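These values consider heavy atoms only, across backbone and side chains, with no hydrogens, waters or symmetry-generated copies. Indexing begins at 1, ligand by ligand and atom by atom, following the structure's order. Keep in mind it's a predicted model, so treat the numbers as computed, not measured.
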Amino acid sequence: MGFSTVAIHAGNEPDSATGAVSVPIYQTSTFAQDALGEHKGYEYARTQNPTRAALEKNIAALEGADFGFAFASGMAATDAVLKLVKAGDHVLLGDNTYGGTYRLFDKVLSRQGIEFDLVDSTDALNVEQGMKPNTKMVFVETPTNPLMSVTDLKAVSEISHAHGAVVVCDNTFMSSYLQRPIEHGVDIVVHSTTKYMNGHSDSVGGFVALNDEKNAEWIGFVQNSIGAILSPFDSFLVLRGTKTLAVRMERHDLNGRAVANFLAEHPAVSEVYYPGLTSHPQHELAKRQQDGFGGMVSFETGSLENAKKVLENVKLLTLAESLGGVESLISHPATMTHAAVPFETRQKLGITDGLVRVSVGIEDAEDLIADLDQALSA
Ligand SMILES: *Cc1c(COP(=O)(O)O)cnc(C)c1O
């Protein structure tokens, strides 16, 4: 079955009790038991909830995974995956991941004895060279936030597996529609469903999808033990969101290309970061690995003053953190999403004070381009 059919039907069976076509929000903390030890598969809502179960089935199917788990946020999902490693283990972390992911490693996991090194995974050889005898996991994000560099998932997976390390990919920027990392050899997929998967900027959530039964059993155990679960209402919202994922992503992709092409021609912009541009260093890899280029575009304005001018003069685009919703957002990575990354590291990565990031929504592309044009010329 095709992606859209799976998106609309997987997990979305009519409700067995009432026939409701839309999976109901099972807003309950517990479930009546028929007799001691006899129940309908649901005992307590941290452990299992029918609305969450429907969503878990849905996104697992979209990622081509046997197992899926929904969490209270993308960070909770990432943290649950990191419970697969223990004190003394080493993790190779992509050097340009989401700022919150870096902060989790740097400030929380390192205190618990988990060792990590940053690696520029855009060259798979760096992953090979970064391997240590105790490396148990390689955690990458592609394309990266906000510089849109692309990692070769197949190459990184082969290298990591040869060293016995499990490979995790944060697939938030692409969504399951534009990229399915498991098809390229990745073991575990993480999402912030807050972004494209829900797509309407009205829910915070996270997801873990994987095939390995033993690891899935542990992630499920962690989900229940720690309890950072997605609520029934949020599960309902994300389930509603994935039904339109294909049509939304196609429009994000079209608009993303249009905005990137416009910016690439603009005299006030010195650099555009978008894998869909032929000038992007990994354009060919992106074409091979992704089913499109998506709606995330970053560009260099040259200085903090110039960036400020754009950010303060846009009228249609909203100045805000986050991404992946139907409405276009504009942000300043150095002071917003990547404020937790030390200044020197930011400079090294190219997250300059003049860098501006746009999450291109699904409005009419001409209106978005006209707004950016007037802000750049202000
Ligand atoms: C937003 C984001 C996260 C964190 O997700 P939350 O839902 O905010 O906890 C992780 N990775 C990427 C790429 C993100 O954009």
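- Within the listing of ligand 1, atoms 13 (C) sit less than 4.0 angstrom from a heavy atom of Glu141.
- Taking only non-hydrogen atoms, the option from Thr337, Val190, Thr194 nearest to atom 7 (O) of ligand 1 is Thr194.
- Distances between N or O atoms of Met75 and those of ligand 1 include at least one value under 3.5 Å.
- A cation-pi arrangement is present between Lys195 and Tyr98 under the rule of less than 6.0 angstrom and at most 45 degrees off the ring axis.
- Tested against Thr144 for a side chain to side chain donor-acceptor pair (under 3.5 Å), the candidates Thr151, Thr122, Asn96 yield a single pass: Asn96.
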**OP:** Could you check Tyr196 against Leu323 for side-chain contact (heavy atoms from CB on, under 4.5 Å), going step by step and ending with a plain yes or no?
**Re:** CA-CA 7 Å; Tyr196 289 109; Leu323 62 112; 3.9 Å; yes
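- Taking every heavy atom of Gly205 and a limit of under 4.0 angstrom, the matching atoms of ligand 1 come to 7 (O).
- Between Phe221 and Trp218, the ring-plane angle classifies as parallel under the 30° and 60° cut-offs.
- Remark: minimum distance from atom 14 (C) of ligand 1 to any protein heavy atom is reached at Lys195 NZ, 3.0 Å.
- No more than 12 heavy-atom neighbours from other residues, nucleotides or ligands sit within 6.0 angstrom of NZ on Lys154.
- In this structure, Phe116 and Phe105 have tilted ring planes: the angle between them lies in the 30° to 60° band.
- For the pair Thr101 and ligand 1, the shortest N or O to N or O distance does not fall below 3.5 Å.
- The shortest separation from a heavy atom of Gly324 to ligand 1 is not under 4.0 Å, leaving the residue out of contact.
- Atom 12 (C) of ligand 1 has its closest protein heavy atom at Asp170 OD2, 3.5 Å.
- No side-chain donor from either of Gln282 and Asp152 sits under 3.5 Å from a side-chain acceptor of the other.
- Remark: distances from the non-hydrogen atoms of Leu323 to ligand 1 include one below 4.0 Å.
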